[in-house]
Amino acid sequence: MKVKLHTYKISLFTLLIFCQLSTLGQAKNQKTVNNDKPFVLGVIDEIQSKALAEKRILNIYLPEGYKQNDTTRYPVIYLLDGSADEDFIHIAGLVQFNSFEWVNQVPKSIVVGIATVDRRRDFTFPTTIEADKKKFPTTGHSDRFMAFLGNELQPYIEKKYKTTTSKTIIGQSLGGLLITEILFKKPTLFNKYVIVSPSLWWDNGALLNQDSKISERSFNQQTKVYIAVGKEGLTPTEIPRVMEVDANLLAEKIKGFNNQNVKVYFDYLPQENHATILHQAVSNSFKFLYPVELKE
């Protein structure tokens with residue numbers, strides 16, 4: 001009986017040792033094969049702005065095959081609200097997807113996401129509405145931001161990266177307001193404009209009443225303007241306005257300039273709202289900005 005018990009203890013001990021060694025071996029193997037690497041979507045750049053008196057963070061997506069030492073150049077898509085936790089990742093993804101050779105909707109492009117600091121300061125012009133001045137005291141400096149875009153950011157990108165003359169800007173809400181102001185006041189800054197759910201209610205719709213340089217006969221730059229709005233309803237103003245109506249008025253105003261060099265497309269997306277519209281709108285805009293010629 002003692003012999004059997006002794007044999008049982010030895011067997012149990014051997015089994016425990018085997019299990020322990022097996023566990024250690026698995027842990028060692030797991031540690032050995034753990035080759036995790038960061039997934040890199042783009043590069044983080046930085047520019048010191050005199051116009052804004054601050055440094056600005058840029059998130060840059062470079063298309064597949066981008067090489068600094070070859071001769072290939074790429075269109076640039078500038079994205080407002082371009083922080084990593086804003087719209088940079090999903091818009092860069094749309095650009096990548098639409099540039100796949102089996103999709104071939106968009107040429108391979110560089111995406112420049114401009115990280116947000118103060119949207120109301122950068123994206124709005126001075127308002128005459130006293131309540132808004134008190135509620136949003138930093139507002140009204142879009143002129144500085146436009147100077148930053150034209151005098152600093154674009155030259156910086158064009159010097160550092162391999163770009164063509166194709167320049168697109170994308171923005172929503174207050175970003176859409178800013179893009180509309182750029183289109184009216186400094187239209188040569190970009191040749192493709194993606195205006196989504198623009199906050200044209202700012203200053204009681206004053207921008208809709210302004211003249212634009214694109215209405216002048218001397219403006220001969222080939223320009224495309226895509227305007228989208230969802231089912232968004234009343235604006236946050238004392239005098240009621242409807243965002244869908246304002247966006248449509250903007251499209252009609254641009255068409256009314258009768259400038260053959262400016263093409264405009266109005267896209268009403270009733271299944272989207274102010275929070276959900278940007279992704280679908282940008283996807284739709286590519287079909288207007290880069291029409292694919294059907295092969296016979």
Side-chain angles (χ1 to χ4, degrees), residues 39-45 57-66 72-116 119 123 149 153-154 157 161-164 166-176 178-180 182-183 190-198 223-232 247 263-294:
F39 179 81
V40 179
L41 180 65
V43 298
I44 300 175
D45 206 340
I57 299 297
L58 308 173
N59 294 307
I60 313 289
Y61 165 78
L62 299 174
E64 182 183 2
Y66 182 96
T72 306
R73 294 186 171 273
Y74 301 87
V76 183
I77 298 173
Y78 292 87
L79 173 67
L80 303 179
D81 297 318
S83 299
D85 59 352
E86 293 177 304
D87 297 318
F88 176 72
I89 293 175
H90 74 101
I91 296 302
L94 277 175
V95 173
Q96 181 207 36
F97 173 78
N98 280 279
S99 66
F100 285 148
E101 61 179 322
W102 55 89
V103 179
N104 198 30
Q105 182 70 60
V106 175
K108 289 184 176 181
S109 303
I110 299 169
V111 179
V112 178
I114 308 166
T116 298
R119 299 176 81 249
F123 298 171
L149 290 175
L153 180 59
Q154 287 185 353
I157 294 297
Y161 300 95
K162 302 189 309 169
T163 68
T164 67
S166 176
K167 294 178 287 188
T168 302
I169 186 166
I170 298 173
Q172 182 196 9
S173 194
L174 287 176
L178 174 72
I179 295 177
T180 304
I182 294 171
L183 177 66
F190 303 92
N191 45 40
K192 297 179 181 67
Y193 291 79
V194 179
I195 302 171
V196 182
S197 301
T223 303
K224 288 187 174 183
V225 184
Y226 169 90
I227 302 168
V229 68
K231 196 170 182 61
E232 307 186 39
K263 308 298 182 186
V264 61
Y265 182 83
F266 178 72
D267 199 3
Y268 177 47
L269 305 175
Q271 295 182 331
E272 308 296 341
N273 57 44
H274 201 71
T276 66
I277 188 174
L278 183 63
H279 193 85
Q280 187 60 57
V282 173
S283 181
N284 290 0
S285 76
F286 290 154
K287 296 175 184 177
F288 167 68
L289 298 177
Y290 305 100
V292 177
E293 294 182 5
L294 298 176

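- Atom CD1 of residue Ile182 and atom CD1 of residue Ile195 lie 9.0 Å apart, to the nearest 0.5 angstrom.
- Looking only at distances, a side-chain donor or acceptor of Ser83 sits under 3.5 Å from a matching main-chain atom of Thr116.
- Residues passing the ring-ring contact (aromatic ring centres under 6.0 Å, His included) test with Phe123 are Phe145, sequence neighbours excluded.
- In terms of the side chain to side chain donor-acceptor pair (under 3.5 Å) criterion, Lys224 has no residue partners (sequence neighbours excluded).
- A 4.5 Å side-chain heavy-atom check between Val194 and Ile77 finds every atom pair outside the cut-off.
- Residues that satisfy the side chain to side chain contact (heavy atoms under 4.5 Å, CB included) test with Ile44, not counting sequence neighbours, are Ile57, Asn59.
- What you find for Glu232 and Val229 is that their closest heavy atoms are OE2-CG2, 3.4 Å.
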*So Tyr193 and Ile227, side chain to side chain contact (heavy atoms under 4.5 Å, CB included) or not? Walk me through it.*
CA-CA 8 Å; Tyr193 291 79; Ile227 302 168; over 6 Å; no
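- Ser109 contributes atom OG, which lies 11.5 Å from atom CG of Leu62 (distance to the nearest 0.5 angstrom).
- Among residues two or more places apart in sequence or in another chain, the side chain to side chain contact (heavy atoms under 4.5 Å, CB included) test is passed with Val43 by Ile60, Tyr161.
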Distance-only criterion, 3.5 Å: show the donor-acceptor pairs between side-chain atoms of residues 101-108 and protein atoms not counting sequence neighbours.
unit_1, atom_1, unit_2, atom_2, d
Gln105, NE2, Phe286, O, 3.4
Gln105, NE2, Tyr290, O, 2.6
Lys108, NZ, Glu64, O, 3.2

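- Other residues, nucleotides and ligands contribute more than 12 heavy atoms inside 6.0 Å of the NZ atom of Lys162.
- For the atom pair Leu178 CG and Leu149 CG, the distance stands at 6.5 Å (nearest 0.5 Å).
- Shown here for Gly230 and Tyr268, the closest heavy-atom pair between the two residues is O-CE1, 3.6 Å.
- Considering only residues two or more places apart in sequence or on other chains, Gln154 meets the side chain to side chain contact (heavy atoms under 4.5 Å, CB included) condition with Tyr78, Glu158, Lys167, Leu189, Phe190.
- For Tyr265, the ring-ring contact (aromatic ring centres under 6.0 Å, His included) partners at least two apart in sequence or on another chain are Phe288.
- Applying the salt bridge (Lys or Arg N to Asp or Glu O under 4.0 Å) test to residues at least two apart or on different chains, none of the pairs has a partner in residues 84-94.
- One finds the OG1 atom of Thr223 at 9.0 Å from the NZ atom of Lys192 (value rounded to the nearest 0.5 Å).
- The side-chain heavy atoms of Val282 and Tyr226, taken from C-beta on, include no pair separated by under 4.5 Å.
- For the atom pair Ile114 CD1 and Asp45 CG, the distance stands at 12.0 Å (nearest 0.5 Å).
- In terms of modelled atom types and a separation under 3.5 Å, the side chain of Thr180 and the main chain of Gly176 share a donor-acceptor contact.
- In this structure, Thr163 has no side chain to side chain donor-acceptor pair (under 3.5 Å) partners at least two apart in sequence or on a different chain.
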_Walk me through whether Glu272 and Ser197 qualify under side chain to side chain contact (heavy atoms under 4.5 Å, CB included)._
CA-CA 10 Å; Glu272 308 296 341; Ser197 301; over 6 Å; no
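- Residues that satisfy the side chain to side chain donor-acceptor pair (under 3.5 Å) test with Tyr66, not counting sequence neighbours, are Gln68.
- To the nearest 0.5 Å, atom CG of residue Leu80 and atom CD of residue Gln172 are 11.0 Å apart.
- By the salt bridge (charged side-chain N to carboxylate O under 4.0 Å, His left out) test, Asp267 is found to be paired with no residue, residues two or more places apart in sequence or in another chain being considered.
- Under the side chain to side chain donor-acceptor pair (under 3.5 Å) criterion, Gln96 pairs with no residue at all, not counting sequence neighbours.
- Inter-residue side-chain proximity for Val264 and Phe266 is flagged as unmet; no heavy-atom pair is nearer than 4.5 Å.
- Closest heavy-atom contact between Tyr61 and Leu41: CD1-O, 3.6 Å.
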